[in-house]
Novice: 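The structure under discussion is supplied below as structure tokens; questions concerning it will follow.
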Amino acid sequence: MRIAVTGSIATDHLMSFPGSFTDQLLADRLDRVSLSFLADRLEIRRGGVAANISFGLGLLGLRPVLVGAVGDDFEPYRVWLKQHGVDTDSVLVSEEHHTARFVCTTDRAQNQIATFYAGAMTEARRIDLRAIAERTGRLGLVMISPDDPEAMLRHTRACRDLGIPFAADPSQQLARLSGKEVLELVEGACWLFTNEYETALLQERTGLGVPDVLRRVGRWVTTEGAAGVRIRRDGRPDLTVPAVEVPGVVDPTGVGDAFRAGFLAGTAWGVPERCAAQLGCVVAATALDYVGTQEYRLYRDIVLGRLRTTYGVGCAAQLAMHLAAHLRGLT
């Protein structure tokens, strides 16, 4: 299956605050907030949701097609992604804007405060998915992740017009989308991805309950942090997969993107969705061990070891052949 991933491509500026954000918030002054946090660490990393997911898929040998808009400062980033198996030939380069920026501060309790500058991402609405499908051949799936809202809607319509299966991942853009727009993005999606907060926000935006949403999508995948993953299906019991235990979380940024990469890889390989979710959780746990969203590495023996330790041998056996074909051993 050839997967195209549409969405943001950005540079991440990640800072660490040794205290707690909540200690600085005054309950009777929340209408006039003026806060400053002295960070003790700064990491500048490659990021953006679409680029992060594509990176993970590239590590797993799928050669995804990255679809998004960047500035003329993108070239070193392009080289990096190509080196890790990502097809970047459909990325639009703006003549006016810089590549998007994500600035995030994480406190000692792993709470985060973030700001996103769209930059060149606002031009993603100019990208024609039909032309990309013609260049790459038949696409098996388009993952529509957070992007310029007009681009997200355009890509969704193009998938319907072209008969290409698509997955909806509105996540961070739910806050600025109308209920009508959210419905258009998720209607007919074979997969809908959200975290716990976004699950509630999606229902608030659309006015729909869980059963109503499930009648509009194939599967609803909700990441629930340390509790793992829940997959809802219309008329069937929920499928739950526990998370992989991570003794000391280094950086939570991008963990959801890493899960999506592992899950989509398993789906592309045709393994049962429980096995795909387990692989997603292992990739997510691996990402938690690194600062930055594209710094982690996947080794066959470690991935299989985590699968067996957490979930037993069943799915590990089904995934072993695929992992052996695409991942290196420890040597």
Side-chain angles (χ1 to χ4, degrees), residues 5-25 30 32-56 68-71 73 77 97-122 124 144-149 151-152 169-177 182 193-202 204-205 222-226 246 249-261 284 287-296:
V5 185
T6 75
S8 61
I9 304 167
T11 300
D12 292 347
H13 293 245
L14 309 175
M15 288 171 278
S16 297
F17 173 58
S20 172
F21 294 146
T22 56
D23 292 342
Q24 315 300 317
L25 297 172
L30 295 181
R32 294 180 178 275
V33 176
S34 179
L35 299 173
S36 176
F37 301 102
L38 181 61
D40 61 4
R41 190 178 70 197
L42 167 65
E43 300 279 352
I44 300 177
R45 304 289 182 179
R46 307 166 189 88
V49 174
N52 292 340
I53 296 172
S54 295
F55 172 82
V70 298
D73 54 344
Y77 195 170
H97 298 99
H98 291 294
T99 301
R101 295 288 188 275
F102 175 67
V103 181
C104 181
T105 304
T106 303
D107 73 3
R108 67 186 178 198
Q110 303 301 315
N111 297 309
Q112 295 183 314
I113 295 176
T115 301
F116 187 80
Y117 164 69
M121 194 179 81
T122 58
I144 300 174
S145 62
D147 201 349
D148 170 72
M152 297 171 72
D169 180 20
S171 53
Q172 296 101 321
Q173 292 293 39
L174 280 171
R176 62 176 292 182
L177 293 167
V182 174
F193 291 90
T194 57
N195 62 25
E196 286 184 283
Y197 175 76
E198 293 156 1
T199 294
L201 184 56
L202 186 145
E204 186 273 330
R205 281 284 186 269
T222 302
T223 53
E224 299 179 337
V246 179
V249 173
V250 175
D251 179 16
T253 311
V255 65
D257 303 335
F259 168 81
R260 286 154 174 74
L288 286 170
D289 290 332
Y290 295 79
V291 175
T293 58
Q294 296 178 31
E295 304 305 318
Y296 65 94

Novice: Report the residues that fulfil ring-ring contact (aromatic ring centres under 6.0 Å, His included) with Phe21, sequence neighbours left out, ordered by chain and then residue number.
Specialist: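 With sequence neighbours excluded, Phe21 shows a ring-ring contact (aromatic ring centres under 6.0 Å, His included) to Phe17, Phe37, given in chain and number order.
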Novice: Would you call the rings of Phe116 and Phe102 parallel, tilted or perpendicular if under 30° counts as parallel and over 60° as perpendicular?
Specialist: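 It falls in the tilted class, 30° to 60°.
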Novice: Only counting residues at least two apart or in another chain, list the ones meeting side-chain hydrogen bond (donor to acceptor under 3.5 Å, both in side chains) with Asp73.
Specialist: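 For Asp73 the side-chain hydrogen bond (donor to acceptor under 3.5 Å, both in side chains) partners, ignoring immediate neighbours, are Thr99, Arg101.
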Novice: Could you tell me which residues satisfy side-chain hydrogen bond (donor to acceptor under 3.5 Å, both in side chains) with Arg108, sequence neighbours excluded, listed by chain and number?
Specialist: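 Applying side-chain hydrogen bond (donor to acceptor under 3.5 Å, both in side chains) to Arg108 gives none.
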Novice: Given side chains that start at C-beta, do those of Val182 and Leu174 come closer than 4.5 Å, heavy atoms only?
Specialist: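 They are in contact (side-chain heavy atoms under 4.5 Å apart), so the answer is yes.
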Novice: Compare all side-chain heavy atoms of Leu177 with those of Arg205 and state whether any distance is below 4.5 angstrom.
Specialist: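 Leu177 vs Arg205: side chains apart.
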Novice: Of all residues at least two apart in sequence or in a different chain, which pass the side-chain hydrogen bond (donor to acceptor under 3.5 Å, both in side chains) check with Thr105?
Specialist: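 With sequence neighbours excluded, Thr105 shows a side-chain hydrogen bond (donor to acceptor under 3.5 Å, both in side chains) to no residue whatsoever.
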Novice: Rounded to the nearest 0.5 Å, what separation is found between the OG atom of Ser20 and the CD atom of Gln110?
Specialist: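 Here the rounded value is 11.5 Å.
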Novice: Starting at OG1 of Thr106, measure out to CG of Leu14 and round the result to the nearest 0.5 Å.
Specialist: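 If we round to the nearest 0.5 Å, Thr106:OG1 and Leu14:CG are 7.0 Å apart.
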Novice: Taking all atoms of both residues into account, what is the closest heavy-atom pair of Tyr296 and Ala287, and its distance?
Specialist: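 Distance-wise, the nearest heavy atoms are CD2-CB, 3.8 Å.
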Novice: Give a yes or no on this: more than 12 heavy atoms of other residues, nucleotides or ligands lie within 6.0 Å of atom NE2 of His13.
Specialist: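 Yes - once you tally the heavy atoms of other residues, nucleotides and ligands closer than 6.0 Å, there are more than 12.
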Novice: Ignoring hydrogens, what is the shortest heavy-atom contact between Gly47 and Ala51? Give both atom names and the distance.
Specialist: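 For Gly47 versus Ala51, the nearest heavy atoms are O-CB, 3.5 Å.
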Novice: Could you tell me whether the side chain of Arg46 reaches within less than 4.5 Å of the side chain of Phe55, counting heavy atoms only?
Specialist: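 Result no, sub-4.5 Å side-chain heavy-atom pair not found.
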Novice: Is any side-chain heavy atom of Cys104 less than 4.5 Å from a side-chain heavy atom of Asp12?
Specialist: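 The answer is no, as the side chains (C-beta and beyond) never meet within the 4.5 Å cut-off.
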Novice: When rounded to the nearest 0.5 angstrom, what distance separates CD in Gln173 from OG in Ser145?
Specialist: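 One gets 10.0 Å once the value is rounded to the nearest 0.5 Å.
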Novice: For Glu198, give me all partners under side-chain hydrogen bond (donor to acceptor under 3.5 Å, both in side chains), at least two apart in sequence or on another chain.
Specialist: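 Glu198: side-chain hydrogen bond (donor to acceptor under 3.5 Å, both in side chains) contacts with Asn195.
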Novice: To the closest 0.5 Å, what do you measure between OH (Tyr117) and OG1 (Thr122)?
Specialist: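 Going from OH on Tyr117 over to OG1 on Thr122, the span is 7.5 Å.
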Novice: When rounded to the nearest 0.5 angstrom, what distance separates OG1 in Thr223 from CZ in Arg260?
Specialist: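 So the OG1 of Thr223 and the CZ of Arg260 are separated by 5.5 Å.
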Novice: Where is the tightest heavy-atom contact between Gln24 and Leu35, given as atom of each residue plus distance?
Specialist: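 For Gln24 versus Leu35, the nearest heavy atoms are O-CD2, 3.5 Å.
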Novice: In chain order, what residues pass the salt bridge (charged side-chain N to carboxylate O under 4.0 Å, His left out) check against Glu43, with sequence neighbours excluded?
Specialist: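 With neighbours one apart ignored, the set is Arg45.
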Novice: Locate the shortest heavy-atom distance separating His97 from Gly119; write the atom from each residue and the value.
Specialist: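 Shortest heavy-atom contact: CB-C, 3.7 Å.
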Novice: Nearest heavy-atom pair of Ser171 and Pro146: which atoms, and what distance?
Specialist: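 Heavy atoms of Ser171 and Pro146 come nearest at OG-CG, 2.8 Å.
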Novice: How close do Pro18 and Leu38 get, counting heavy atoms only, and between which atoms?
Specialist: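 Scanning both residues, the minimum pair turns out to be CD-O, 3.7 Å.
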Novice: Under the side chain to side chain contact (heavy atoms under 4.5 Å, CB included) test against Val49, which residue among Ile9, Asp169, Thr6 passes?
Specialist: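 Answer to the side chain to side chain contact (heavy atoms under 4.5 Å, CB included) test with Val49 among Ile9, Asp169, Thr6: Asp169.
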Novice: Hey, are Thr194 and Thr199 close enough side-chain-wise for a donor-acceptor pair under 3.5 Å?
Specialist: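 Side-chain D/A pair, Thr199 to Thr194: present.
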Novice: Evaluate the side chain to side chain contact (heavy atoms under 4.5 Å, CB included) criterion for residues Asp251 and Glu295: first the C-alpha distance (whole Å), next the side-chain angles of each, then the deciding distance (0.1 Å), finally the verdict.
Specialist: CA-CA 11 Å; Asp251 179 16; Glu295 304 305 318; over 6 Å; no
Novice: Which value, rounded to the nearest 0.5 Å, describes the distance between Asp107 atom CG and Ser16 atom OG?
Specialist: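 Going from the CG atom of Asp107 to the OG atom of Ser16 covers 9.5 Å.
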